[in-house]
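The structure appears below as structure tokens.
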Amino acid sequence: MPLLNPKKVKHRKHQKGSVRGVSVAGSTLAFGQYGLRALESRWITARQLEAARRAMTRFMQRSGKVWIRVFPDKPITKKGAEVPMGSGKGAVDHFVAVVRRGRIILEVDGLDEATTKRAIRLASDKLPVKTAFVCKTSSL
């Protein structure tokens, strides 16, 4: 499966923006019984999300259902090696998802709690943010 990339973007190159603050939207479980919540704000790349998804689905042996609740739609640019200062902004290199503190990154359903906890732990090891395991009954 290819990496998550937007088909179309309104603006080809974005400014950096800010990742401070707390997530308001997407901070509660909506689809699955269990989830992974971000405890800090950071950019998550499409590659990191794909690595987390693969680690989790491999452990779950393709049983259960997984929802990825964030989408990398922010283009990040990069200039080539040894390019002098000036001459504009670089070309789009990759895409990231802006994840703020409290955001649910992914959700899982259809498995027992022990298996899900282990699968989500494997996924969280691939992500650059501190995370917490949450379930429907004890949503923070």
Side-chain angles (χ1 to χ4, degrees):
M1 185 176 169
L3 294 175
L4 294 169
N5 274 339
K7 289 186 182 84
K8 203 165 107 176
V9 289
K10 186 171 184 180
H11 300 291
R12 198 163 47 97
K13 298 174 181 178
H14 284 202
Q15 292 186 331
K16 276 200 170 68
S18 169
V19 288
R20 286 188 299 189
V22 182
S23 179
V24 179
S27 58
T28 57
L29 293 173
F31 303 101
Q33 194 68 29
Y34 307 101
L36 185 68
R37 171 178 278 138
L39 297 179
E40 59 185 1
S41 304
R42 192 160 296 170
W43 286 349
I44 298 180
T45 67
R47 285 173 179 270
Q48 290 164 343
L49 280 171
E50 178 65 11
R53 185 196 66 79
R54 280 187 179 179
M56 192 166 51
T57 51
R58 184 176 289 130
F59 180 78
M60 291 167 32
Q61 297 174 344
R62 300 204 330 260
S63 60
K65 178 99 173 92
V66 177
W67 291 269
I68 298 175
R69 295 280 308 274
V70 293
F71 186 79
D73 57 353
K74 183 183 183 73
I76 302 301
T77 60
K78 190 170 177 134
K79 282 191 160 188
E82 298 183 19
V83 174
M85 296 282 276
S87 70
K89 196 171 168 89
V92 173
D93 185 49
H94 60 278
F95 289 87
V96 299
V98 179
V99 176
R100 290 191 170 83
R101 192 173 78 239
R103 175 79 189 217
I104 300 292
I105 300 170
L106 50 89
E107 294 186 32
V108 181
D109 203 2
L111 292 168
D112 61 291
E113 188 170 348
T115 309
T116 306
K117 209 173 238 186
R118 181 92 168 92
I120 285 182
R121 172 70 197 272
L122 288 170
S124 73
D125 288 344
K126 304 288 182 186
L127 298 174
V129 292
K130 289 179 185 168
T131 55
F133 176 81
V134 291
C135 54
K136 204 80 148 189
T137 54
S138 68
S139 236
L140 296 174

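These numbers come from a predicted model, not from an experiment.
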May I ask you to test the Phe59-Arg121 pair for a side-chain heavy-atom distance under 4.5 Å? no
Go through the steps for Leu111 and Tyr34 under the test side-chain contact (heavy atoms from CB on, under 4.5 Å), then give the verdict. CA-CA 9 Å; Leu111 292 168; Tyr34 307 101; over 6 Å; no
Has Thr57 got a side-chain atom pairing as donor or acceptor with Arg62's backbone, closer than 3.5 angstrom? no
Does some side-chain heavy atom of Ser87 sit less than 4.5 Å from a side-chain heavy atom of Lys79? yes
Less than 4.5 Å apart, any side-chain heavy atom of Met56 and any of Val108? yes
Distance in Å, Thr77 OG1 paired with His94 NE2, rounded so as to fall on 0.5 Å steps: 9.0 Å
Point-to-point distance, once rounded to the nearest 0.5 Å, from CD1 of Ile44 to CD1 of Ile105: 4.0 Å
Considering only heavy atoms from C-beta outward, does the side chain of Arg42 approach that of Val99 to under 4.5 Å? no
NZ/Lys74: more than 12 non-hydrogen atoms of other groups inside 6.0 Å: yes
Taking side chain as C-beta onward, heavy atoms only, is Arg100 less than 4.5 Å from Val22? no
Donor-acceptor contact present, side-chain Lys89 to main-chain His14, <3.5 Å: yes
Could you give the distance from CG (Leu29) to CD (Glu107), rounded to the nearest 0.5 Å? 4.5 Å
Do Arg53 and Glu50 meet the salt-bridge criterion of a basic N to acidic O distance under 4.0 Å? yes
Validation row: Arg69, Leu106 side chains within 4.5 angstrom (heavy atoms): no
side-chain contact (heavy atoms from CB on, under 4.5 Å) evaluation trace for Val9 with Val92: CA-CA 12 Å; Val9 289; Val92 173; over 6 Å; no
Applying side-chain contact (heavy atoms from CB on, under 4.5 Å) to Thr45 and Ile76, what does each step give before you reach the verdict? CA-CA 10 Å; Thr45 67; Ile76 302 301; over 6 Å; no
Whether over 12 other heavy atoms sit under 6.0 Å from Lys78 NZ: no
Got Trp67 and Asp109 here, is their nearest side-chain heavy-atom distance under 4.5 Å? yes
Please round to the nearest 0.5 Å and tell me the distance separating atom CE of Met60 and atom CD1 of Ile120. 8.5 Å
Side chain proximity check, Pro128 to Trp43, heavy atoms < 4.5 angstrom: no
Quick one: CG on Leu39 to OG1 on Thr131, what's the gap to the nearest 0.5 Å? 6.5 Å
From Thr28 atom OG1 to Arg103 atom CZ, the distance as rounded to the nearest 0.5 Å: 10.0 Å
